[in-house]
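A short write-up of the structure that comes next.
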Amino acid sequence: MKVRQTFLLLAGLLLVLPSHVGAEFRPKVEVLAIQGRAVIYVNRQPAIGLDDFDRANIVAGRIAQLANLGISPEAIGVVRTPRGAAIVAVGLRIIEVTNEQAKLQNTTSMALARRWALNLRRLLSLPGLTAEPARLLIPLSESRTLRVGGAASGPIEVMASGAPVNAVVDQVKRTVTVTGLAVGDGMLTLRCEGAELNVPFATRKYAAVVGSARVAYTGSGPSKDRLEKLIADYALRAVAAEPGARVQLDEPVRLQPGLIPQQVAVRIRAEGEGYIPVRADVPVSLTVENVPPKEASVLFYSNDPERVRRFGGLYAAPLQLDQPARLLYHHQNVMSRPFDLSVSVVNYGSLPARVQVIEGVAPAMVDTVQVGHRAAARFMPNLFSNSGFILDLAPGERYPILLQTIPSGFTGSGLFQLRLLAGESVWVFVRAEATGWSVPERPPAPSRHIYTNPRMNIQERYVVGQRWAFIPIGKYSIERVSRDGVLDGNYGVLYDINVKVENPTSEPVNVEVLFEPSAGVARGVFWIDGVSVETQHLLPPKEYPIAKYPLQPNSSRDIRILTMPLSGSHYPARIIVRALRNTVRRPSGAQEAMAPTP
């Protein structure tokens with residue numbers, strides 16, 4: 001059973017108190033009956049337990065006097081007396097602990113007195129009000145809560161000054177919920193039972209607002225490196241930063257090889273002076289889109305100049321809606337310092353744009369033949385499988401699909417197939433910059449090297465025992481759109497060659513397919529009946545076998561060959577189809593195939 005007796009402070013026990021004390025918090029001292037004993041509570045916590053209620057009230061009065069006088073709790077100490085020990089402060093004996101009392105509690109008088117003195121020092125030191133946190137940072141238009149503690153237990157009052165806020169007190173939970181109404185600084189003043197506490201606050205905007213992103217791809221998707229970069233870039237694009245704030249990845253994007261997940265959480269951080277820092281995950285979903293493949297309508301040929309001697313634009317051309325353009329670039333750095341080669345897509349229009357991108361990019365190399373070969377070897381399987389990504393561009397947005405440093409003496413080479421799926425006034429640029437990338441503020445005049453129908457369909461027939469089939473690659477040039485020139489060598493033009501091979505003889509025969517350069521050193525990349533074949537560096541009249549087929553007597557077969565003239569190589573060249581020399585002699589009067597059908 002508890003019986004509460006609140007000890008009333010008497011103004012004249014020791015000294016007359018200053019006039020302002022009534023406005024200050026004083027610790028609450030009271031005597032409670034706990035299981036028949038008198039327990040002195042200080043600030044709602046037990047401090048000293050006695051058997052005599054009268055004595056307890058006297059001791060409680062002395063403790064209250066000390067609190068009213070503002071004497072530091074650290075002044076409370078213990079001294080020895082003839083009968084035991086006493087708790088004293090500034091010459092006032094608070095209580096004496098006799099040896100007999102201590103013995104009843106199985107301790108010594110000094111030990112018991114020290115324990116009670118420690119309780120008094122601790123409990124009298126409790127502040128009237130505390131707040132957690134001690135300073136409040138409030139996001140604009142959001143709420144944050146103060147937890148109010150301390151020895152004062154009455155109703156809480158709150159006042160706010162400075163920046164406007166809305167403060168709501170929950171007297172039961174002893175909390176103050178503060179909503180920031182405008183950016184700025186201010187002060188919350190809490191009052192309770194004479195205690196007063198100032199809590200500074202600041203209302204700020206977040207450095208950024210985090211959204212979500214989506215990366216769309218076609219076929220089996222782009223390379224792992226490209227996909228990781230897209231995820232990172234799209235995640236950063238999904239973060240709306242406040243003016244002056246900086247947004248960056250908190251950790252790099254890493255995907256497992258050969259696996260495209262459905263969603264990736266990209267950790268970002270945004271910060272800036274005067275803003276609340278943001279660390280959050282941007283959810284980026286990855287979805288495959290069914291975009292049926294379509295042949296390129298035009299070829300953008302970026303090779304003029306081939307040898308780059310100054311910074312600036314190298315190529316510019318607009319994309320037309322649903323008319324795929326194949327971009328071939330091949331540029332050698334002949335300056336004495338590196339430059340950054342960029343291929344960028346810009347939406348100058350007022351509508352959102354979507355561009356399918358299929359790519360084949362080689363690392364910069366000194367060997368001009370090898371770098372063009374590597375680019376085509378990476379591009380062709382992506383082209384044939386329609387594997388790429390969808391670039392989403394808001395009105396006015398620009399995006400570099402390539403940014404590559406080209407050291408002095410090195411060559412940058414690559415192929416892109418770009419298909420505008422939605423939007424208008426979308427341009428592609430190839431530029432050389434001292435560092436970084438840039439694009440014109442408005443569309444310039446387009447480059448003159450735009451060529452029509454970059455595809456050659458060739459139907460050829462070879463009959464064992466008759467003339468060999470000679471199929472020219474790069475000999476019959478495609479025209480510019482302006483019809484004022486042609487593309488010598490047909491670099492970047494896709495050749496789709498179908499050869500029907502017949503063996504009318506009564507003997508089995510091996511038929512071989514060979515690549516033969518004719519204009520100088522060259523390499524070749526071929527897809528023959530779905531199998532990739534690459535040649536070495538070749539000089540004419542060197543022949544390089546790229547396929548061999550056994551033909552039974554009185555049988556035939558079709559052979560499909562896909563290839564394109566490679567940047568850095570010397571074209572024209574030709575493909576030869578013939579029976580192996582040890583089986584059938586070359587007939588007289590062998591002729592080259594007729595011009596292909598574009």
Side-chain angles (χ1 to χ4, degrees), residues 293 295 373 376-377 380-381 383-385 453 455-477 489-490 493-566 569-598:
E295 295 294 337
H373 176 89
M380 291 171 65
L383 177 67
F384 300 150
S385 62
N453 301 321
R455 182 185 180 98
M456 291 288 183
N457 296 310
I458 298 176
Q459 302 291 328
E460 185 57 72
R461 178 170 176 257
Y462 170 62
V463 179
V464 174
Q466 299 184 18
R467 69 172 183 86
W468 298 349
F470 293 90
I471 304 165
I473 308 296
K475 180 176 181 180
Y476 301 101
S477 303
N490 273 4
V493 173
L494 180 64
Y495 280 74
D496 189 347
I497 304 165
N498 287 275
V499 182
K500 187 173 187 63
V501 180
E502 301 175 9
N503 179 16
T505 72
S506 58
E507 298 293 332
V509 174
N510 288 321
V511 173
E512 61 179 351
V513 181
L514 305 103
F515 173 67
E516 181 186 58
S518 53
V521 63
R523 295 190 68 167
V525 177
F526 305 90
W527 280 70
I528 303 178
D529 292 335
V531 178
S532 174
V533 179
E534 300 178 25
T535 75
Q536 304 169 349
H537 285 57
L538 301 172
L539 280 168
K542 178 72 173 179
E543 296 174 349
Y544 189 92
I546 56 177
K548 183 171 70 172
Y549 299 93
L551 276 183
Q552 297 301 315
N554 299 307
S555 66
S556 65
R557 69 161 298 152
D558 294 322
I559 303 173
R560 188 184 186 193
I561 305 169
L562 296 168
T563 188
M564 66 173 54
L566 309 181
S569 290
H570 294 79
Y571 278 78
R574 61 183 180 179
I575 293 173
I576 303 171
V577 183
R578 68 187 183 195
L580 285 175
R581 292 175 177 173
N582 58 355
T583 57
V584 176
R585 283 190 174 184
R586 176 178 180 176
S588 60
Q591 299 178 1
E592 190 173 272
M594 299 297 290
T597 303

Subject >> Beyond-backbone contact of V493 with M564, side-chain heavy atoms, under 4.5 angstrom >> reply: no

Subject >> Distance in Å, K475 NZ paired with F470 CZ, rounded so as to fall on 0.5 Å steps >> reply: 12.0 Å

**OP:** Check step by step if side chain to side chain contact (heavy atoms under 4.5 Å, CB included) holds for V499 and I471.
**Re:** CA-CA 10 Å; V499 182; I471 304 165; 3.7 Å; yes

**OP:** Could you tell me which non-hydrogen atom of A579 sits nearest to which non-hydrogen atom of V464, and how far apart they are?
**Re:** CB-CG1, 4.4 Å

Subject >> Atom pair CD/CD1 of E534 and I546 - distance to nearest 0.5 Å >> reply: 12.0 Å

Subject >> Test item: P517 and L539 side chains (from C-beta on) under 4.5 Å apart, heavy atoms >> reply: no

**OP:** Please test E460 against V577 for side chain to side chain contact (heavy atoms under 4.5 Å, CB included), starting from the C-alpha separation and ending with a verdict.
**Re:** CA-CA 10 Å; E460 185 57 72; V577 183; over 6 Å; no

**OP:** Report the residue from T563, N457, I458 that forms a side-chain contact (heavy atoms from CB on, under 4.5 Å) with D496.
**Re:** N457

Original post:
Which of these, P472, S518, P565, sits in a side-chain contact (heavy atoms from CB on, under 4.5 Å) with Y571?
Top reply: P565

**OP:** Determine whether E543 and R578 make a side-chain contact, defined as any pair of heavy atoms from C-beta on separated by less than 4.5 Å.
**Re:** yes

Subject >> Close side-chain approach of V513 and F526, heavy atoms under 4.5 Å >> reply: no

Original post:
Of all residues at least two apart in sequence or in a different chain, which pass the side-chain hydrogen bond (donor to acceptor under 3.5 Å, both in side chains) check with E507?
Top reply: none

**OP:** Please report the shortest heavy-atom distance between P381 and A377, naming the atom on each side.
**Re:** CD-O, 3.1 Å

Original post:
Does some side-chain heavy atom of H373 sit less than 4.5 Å from a side-chain heavy atom of V525?
Top reply: yes

Subject >> Separation between CD1 of I576 and CZ of F515, rounded to the nearest 0.5 Å >> reply: 10.0 Å

Subject >> Charged N-O contact under 4.0 Å between D558 and K500 >> reply: yes

Original post:
Could you state the interatomic distance from CZ (R560) to CD1 (I497), rounded to the nearest 0.5 Å?
Top reply: 10.5 Å

Subject >> For V511, the option from N503, L580, V501 that meets side-chain contact (heavy atoms from CB on, under 4.5 Å) >> reply: V501

Original post:
Is a side-chain donor or acceptor of H570 paired with a backbone partner of A522 at a separation under 3.5 angstrom?
Top reply: no

Subject >> CG-CG distance between N453 and L494, expressed to the nearest 0.5 angstrom >> reply: 12.5 Å

Original post:
Within a strict 4.5 Å, meaning less than it, do heavy atoms of the N490 and Y495 side chains meet?
Top reply: yes

Original post:
Can you name the closest pair of heavy atoms from T535 and G524 and give their distance?
Top reply: OG1-N, 2.8 Å

Subject >> Side chain to side chain, Y549 and I528, heavy atoms closer than 4.5 Å >> reply: yes

Subject >> Which atom of S477 lies closest to which atom of G489, heavy atoms considered >> reply: OG-N, 4.3 Å

